[in-house]
Amino acid sequence: FPVLVALGLNPVVATATNSIAVWATNPFALIAQRRRVKSALKSVGPLIISASIGTVIGAIALILFPVDLFEKFVPFLLLIATGTMLIPVRSAKRRFTDRAEWWSIFGSGIYNGYFGPGQGVMVIAALMRSREYKDVNIGKTIIVGICSFFSAAIYLFAGVVSWTFMAPLAIGCAIGGWGAGYLVGKIDIRIFRALVIAIGFAASLWLFKKYLLA
């Protein structure tokens with residue numbers, strides 16, 4: 001996202017382009033777990049509904065709200081996305097009720113539709129408070145994938161996607177997703193988190209300077 005902004009796209013187009021480009025990683029991620037998809041769909045069915053409703057609301061808000069308003073929000077949104085790397089994703093002693101889980105996923109859907117980056121970690125953090133670990137990742141992939149489908153459809157209908165930048169970004173995401181299958185477990189997670197947090201905070205500071213301090 002910050003790279004797209006640095007290349008000259010306004011933040012609304014950058015958000016839409018980024019969201020669509022990374023969407024395809026979700027179906028590919030499900031291929032390896034295709035035997036469990038049917039049962040997982042039944043398990044997270046109500047959450048798919050809540051996340052989808054939230055996503056539609058968020059995506060429509062992104063399209064309808066003035067660009068200059070979004071510019072004021074975007075440094076904080078990227079800061080939130082970076083901060084998701086600090087969210088504990090282990091099972092919590094205090095479990096979510098079905099209602100708390102539904103509203104948590106609904107909120108992540110609004111965030112996904114309006115901005116996007118970081119939703120996956122938010123969903124994992126919510127699911128870990130109510131489900132077994134083995135069901136969390138596939139549930140997250142399904143929820144985020146369907147959310148991204150709805151947001152992508154709205155962005156495409158509104159015509160706020162840069163195809164020039166989307167194509168190479170999508171190819172890069174596909175290569176990155178494929179490569180991650182080989183690298184996962186070989187890189188110390190602390191190094192990975194530190195790198196993402198450092199880049200995220202640096203980009204957030206740049207956006208604060210660009211949109212709020214200029």
Visitor: Where do Ser104 and Ala100 come nearest, in terms of heavy atoms and distance?
Guide: OG-O, 2.8 Å
Visitor: Assert yes or no for the condition that the ring centre distance of Phe73 to Tyr211 is strictly below 6.0 Å.
Guide: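 No, they do not, as the ring centres are separated by 6.0 Å or more.
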Visitor: Which class fits the ring pair Tyr111 and Phe115: parallel under 30°, tilted 30 to 60°, perpendicular over 60°?
Guide: perpendicular
Visitor: Flag the pair Ile105 / Val123 as yes when at least one side-chain heavy-atom distance between them is below 4.5 Å, and no otherwise.
Guide: yes
Visitor: Tell me whether Leu62 shares a hydrophobic cluster with Phe157, the cluster being built from Ile, Leu, Val, Met, Phe, Trp, Tyr side chains joined at under 4.5 Å.
Guide: no
Visitor: Measuring from Trp103:CH2 to Leu47:CG, what's the distance to the nearest 0.5 Å?
Guide: 13.0 Å
Visitor: What closest approach, in Å, do Cys147 and Ser52 show between heavy atoms, and which atom pair accounts for it?
Guide: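 Here Cys147 and Ser52 meet closest at SG-N, 4.3 Å.
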Visitor: For Ser162, is there any backbone N or O sitting under 3.5 Å from a side-chain donor or acceptor partner on Thr17?
Guide: yes
Visitor: Would you say the side chain of Phe150 lies within less than 4.5 Å of the side chain of Asn112, judging by non-hydrogen atoms?
Guide: no
Visitor: Is it the case that the side chain of Thr55 and the backbone of Gly109 share a donor-acceptor pair, with hydrogens and angles ignored and the cut-off at 3.5 Å?
Guide: yes
Visitor: What closest approach, in Å, do Gly120 and Val144 show between heavy atoms, and which atom pair accounts for it?
Guide: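 Looking at all heavy atoms of both residues, the closest pair is CA-CG2, 3.9 Å.
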Visitor: When you look at Val3 and Phe165, which way does the side-chain contact (heavy atoms from CB on, under 4.5 Å) test go after all the steps?
Guide: CA-CA 10 Å; Val3 171; Phe165 290 98; over 6 Å; no
Visitor: Can you name the closest pair of heavy atoms from Ala14 and Leu4 and give their distance?
Guide: O-CD1, 3.5 Å
Visitor: Could you tell me whether the side chain of Ile143 reaches within less than 4.5 Å of the side chain of Lys140, counting heavy atoms only?
Guide: no
Visitor: Can you confirm whether Phe201 is buried at CZ, in the sense that more than 12 heavy atoms of other residues, nucleotides or ligands lie under 6.0 Å from that atom?
Guide: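 Yes.
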Visitor: Val44 and Gly139: which non-hydrogen atoms are nearest, and at how many Å?
Guide: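 So the minimum-distance heavy-atom pair works out to CG1-CA, 4.1 Å.
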Visitor: Applying side-chain contact (heavy atoms from CB on, under 4.5 Å), run through Val22 and Ser148 and close with a yes or a no.
Guide: CA-CA 9 Å; Val22 303; Ser148 299; 5.9 Å; no
Visitor: Would you say the side chain of Leu212 lies within less than 4.5 Å of the side chain of Glu71, judging by non-hydrogen atoms?
Guide: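 The answer is no; the side chains never approach within 4.5 Å.
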Visitor: With the 4.5 Å side-chain cut-off for hydrophobic clustering, are Leu78 and Ile199 part of the same group?
Guide: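 In one cluster: no.
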Visitor: State, yes or no, whether a side-chain contact exists between Pro11 and Phe1 at a heavy-atom distance under 4.5 Å.
Guide: yes
Visitor: Tell me, with the steps shown, if Phe70 and Leu77 meet side-chain contact (heavy atoms from CB on, under 4.5 Å).
Guide: CA-CA 10 Å; Phe70 184 69; Leu77 292 171; 3.8 Å; yes
Visitor: Where is the tightest heavy-atom contact between Gly113 and Ser151, given as atom of each residue plus distance?
Guide: CA-CB, 4.4 Å
Visitor: Treat each ILVMFWY residue as a node, draw an edge where side-chain heavy atoms are under 4.5 Å apart, and state whether Ile154 and Val67 are in one component.
Guide: yes
Visitor: With the 4.5 Å side-chain cut-off for hydrophobic clustering, are Ile191 and Val121 part of the same group?
Guide: no
Visitor: Does the side chain of Phe208 reach to within under 4.5 Å of the side chain of Leu79, using non-hydrogen atoms?
Guide: yes
Visitor: Calculate, to the nearest 0.5 Å, the distance between atoms CG and NZ belonging to Leu207 and Lys72 respectively.
Guide: 12.5 Å
Visitor: Given the rule that I, L, V, M, F, W and Y join up when any side-chain heavy atoms are under 4.5 Å apart, are Leu195 and Leu205 in one cluster?
Guide: no
Visitor: Would you say the side-chain atoms of Trp23 pair up with the backbone N or O of Gly145, donor to acceptor, closer than 3.5 Å?
Guide: yes
Visitor: Give, for atom CG of Asn10 and atom CG of Asp68, the distance between the pair rounded to the nearest 0.5 Å.
Guide: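 Here the rounded value is 11.0 Å.
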Visitor: With heavy-atom distances below 4.5 Å as the criterion, would you say the side chains of Met122 and Ile80 are in contact?
Guide: yes
Visitor: Flag the pair Ile48 / Leu41 as yes when at least one side-chain heavy-atom distance between them is below 4.5 Å, and no otherwise.
Guide: yes
Visitor: Please check if the side chain of Tyr155 supplies one atom and the backbone of Val13 the other of a donor-acceptor pair under 3.5 Å.
Guide: no
Visitor: How far does CG of Leu7 sit from OG1 of Thr164, to the nearest 0.5 angstrom?
Guide: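 Reported value, rounded in 0.5 Å steps: 11.5 Å.
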